[in-house]
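Index from 1, following the sequence. In this text the structure is predicted, and so the values were computed from the model without any measurement.
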Amino acid sequence: MTKGSDSSSLVHLNIGGKKFCTTVDTLTQCEPESMLAAMFSGRHTVCEDPKKGYVFVDRDGKHFRHILNWLRDGVVPTLKDYEYSELLREAEYYQLRGLIDGINAVLNKRKEDDEINTELTRTDIIKCIQSERVRFRGVNLSGLDLSKLDLSLVDFSYACLKNVFFSRANLQCAKFRDVDAEGSIFHNATLRECEFTGANLRGALLAGANLQSANLQDACLVDCSFFEADLRSAHLQNADLTNANLENAILEGANLKGAKLSNANLKGANLQRAYLRQVNLRDTHLEGAKLDGANLLGAIR
């Protein structure tokens, strides 16, 4: 596409392999200071595929339809919290200030609503953990900031822990059986020997967490990030790791029998001596993964 393009002309976009069709008006009018507006303002030459006519942008196209709908209608889509986090990254890349502000406003409103419904505060939790045996079984703690606290041995089983901040907390040997912890943040937390059996951790952030010998059997780990997490000897039998990010994670000696790994990212992961018997690895990204001594008998590759 050359300089001086007609504002109503069609634009064909290839965003990380996903194809979209829109107009110059859509890309330039709603957010005139954005990167997309600059690209198609007519002031710059945009390179197209000479054969197919698509302008390629090297980004994940998963949420680009939401970006186009924002540019068309100015309405923030209704998404889950972890999806908002993904969309926010794309909005920041494209410099869509209005969409960034809109997403943050939605997330802040949800956090306020969670705090209204939460049964305890951070101060209450701090008072409770000073006693010998602490249980928060079945309690609603949604949206609380419990980062950097010593919560080792605490029993959270059956609790609602949506969007709770556990970053850098000590949760060694804590119990999370059947909790709903969708979208929670466990970044760099200590989770050694924790029990997450049957837990819902969809979209949770566990990057850099220490999960050595943790029990995650039957857990929902869809869209979770375990980037550079330590999962040595972890129990992941029948866990759903669809779309999970395990890049550079340590899974040495981990048991993944029956785990779902569709579209999981295991690039650079250490899977030495891991149990992967009869696991379907066909749609799993294993570039650079270490598989020395792994049990791959019957695995589908």
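From Leu286, atom CG reaches atom CG of Leu291 across 6.0 Å, with rounding to the nearest 0.5 Å. Atom NZ of Lys175 and atom OH of Tyr158 lie 9.5 Å apart (nearest 0.5 Å). Here Leu241 contributes atom CG and Asp223 contributes atom CG; the two are 10.5 Å apart, rounded to the nearest 0.5 Å. Rounded to the nearest 0.5 Å, atoms NZ (Lys260) and SG (Cys220) are 9.0 Å apart. Interatomic distance, OG of Ser225 versus CG of Leu246, reported as 8.0 Å (0.5 Å rounding). Here the CG-CG distance, from Asp292 to Leu271, works out to 10.0 Å after rounding to the nearest 0.5 Å.
Considering only residues two or more places apart in sequence or on other chains, Ala181 meets the side chain to side chain contact (heavy atoms under 4.5 Å, CB included) condition with Leu161, Val179, Ser184, Leu201. Not counting sequence neighbours, the partners of Asp180 by the side chain to side chain donor-acceptor pair (under 3.5 Å) test are Asn200.
Under the 4.5 Å side-chain heavy-atom criterion for ILVMFWY residues, a single connected hydrophobic cluster contains both Leu281 and Leu236. By the rule that hydrophobic residues join a cluster once side-chain heavy atoms approach within less than 4.5 Å of another member, Phe227 and Leu88 end up as members of separate clusters. Under the 4.5 Å side-chain heavy-atom criterion for grouping Ile, Leu, Val, Met, Phe, Trp and Tyr, Ile103 is not connected to Tyr82 through any hydrophobic cluster. Hydrophobic clustering of Ile, Leu, Val, Met, Phe, Trp and Tyr side chains at less than 4.5 Å, counting indirect connections, unites Phe40 with Leu96.
Electrostatic pairing of Lys62 and Glu86 counts as a salt bridge here, judged by a charged N lying under 4.0 Å from a carboxylate O. Taking the charged nitrogens against the carboxylate oxygens, Glu33 and Arg97 have no contact shorter than 4.0 Å, which rules out a salt bridge.
Residues in residues 278-290 take part in these side-chain hydrogen bond (donor to acceptor under 3.5 Å, both in side chains) pairs, two or more places apart or across chains: Asn263-His285. Listed by first and then second residue, the salt bridge (Lys or Arg N to Asp or Glu O under 4.0 Å) pairs involving residues 188-211 are Arg177-Glu195 (not counting sequence neighbours). Listed by first and then second residue, the salt bridge (Lys or Arg N to Asp or Glu O under 4.0 Å) pairs involving residues 232-245 are Asp230-Arg232 (not counting sequence neighbours).
With hydrogens and angles ignored, the 3.5 Å screen pairs no side-chain donor or acceptor of Asn163 with any backbone N or O of Phe165. Without hydrogens or angle criteria, Asp73 side chain to Val75 main chain gives no donor-acceptor distance under 3.5 Å. A distance-only check finds a donor-acceptor pair linking the side chain of Glu31 to the backbone of Leu99 [under 3.5 Å]. Side-chain atoms of Tyr84 come within 3.5 Å of backbone atoms of Pro77 as a donor-acceptor pair (strictly under, hydrogens ignored).
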Acceptor/donor pairs from residues 144-156 side chains to any protein atom, 3.5 angstrom cut, sequence neighbours excluded:
| residue | atom | partner | partner atom | Å |
| --- | --- | --- | --- | --- |
| Asp145 | OD1 | Ser147 | N | 3.0 |
| Asp145 | OD1 | Ser147 | OG | 2.7 |
| Asp150 | OD1 | Ser152 | N | 3.2 |
| Asp150 | OD1 | Ser152 | OG | 2.8 |
| Asp150 | OD1 | Asn170 | ND2 | 3.4 |
| Asp155 | OD1 | Ser157 | N | 3.0 |
| Asp155 | OD1 | Ser157 | OG | 2.7 |
| Asp155 | OD2 | Arg137 | NH1 | 2.8 |

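Side-chain contact, Thr23 with Asp25: no donor N or O sits under 3.5 Å from an acceptor N or O.
Annotation for Asp58: atom CG does not count as buried by contact number, only 12 or fewer foreign heavy atoms lying within 6.0 Å. Atom NZ of Lys19 has more than 12 neighbouring heavy atoms from other residues, nucleotides or ligands inside a 6.0 Å radius.
Side chains of Asn69 and Arg72 form a contact here, defined as non-hydrogen atoms less than 4.5 Å apart. For the pair Cys160 and Leu141, the minimum side-chain heavy-atom distance is 4.5 Å or more. Side chains of Thr28 and Leu36 form no contact here, defined as non-hydrogen atoms less than 4.5 Å apart.
Using cut-offs of 30° and 60° on the angle between ring planes, the pair Phe166 and Phe176 is perpendicular.
For the pair Ala289 and Leu266, the tightest heavy-atom approach, listed with the atom from each and the gap, is CB-O, 3.6 Å. Across every non-hydrogen atom of Leu251 and Ala269, the tightest pair is CD1-CB, 4.3 Å.
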Should Phe64 and Tyr94 be marked as a ring-ring contact (aromatic ring centres under 6.0 Å, His included) after you check the CA-CA gap, both sets of side-chain angles, and the distance that decides it? CA-CA 10 Å; Phe64 195 74; Tyr94 294 114; 5.6 Å; yes
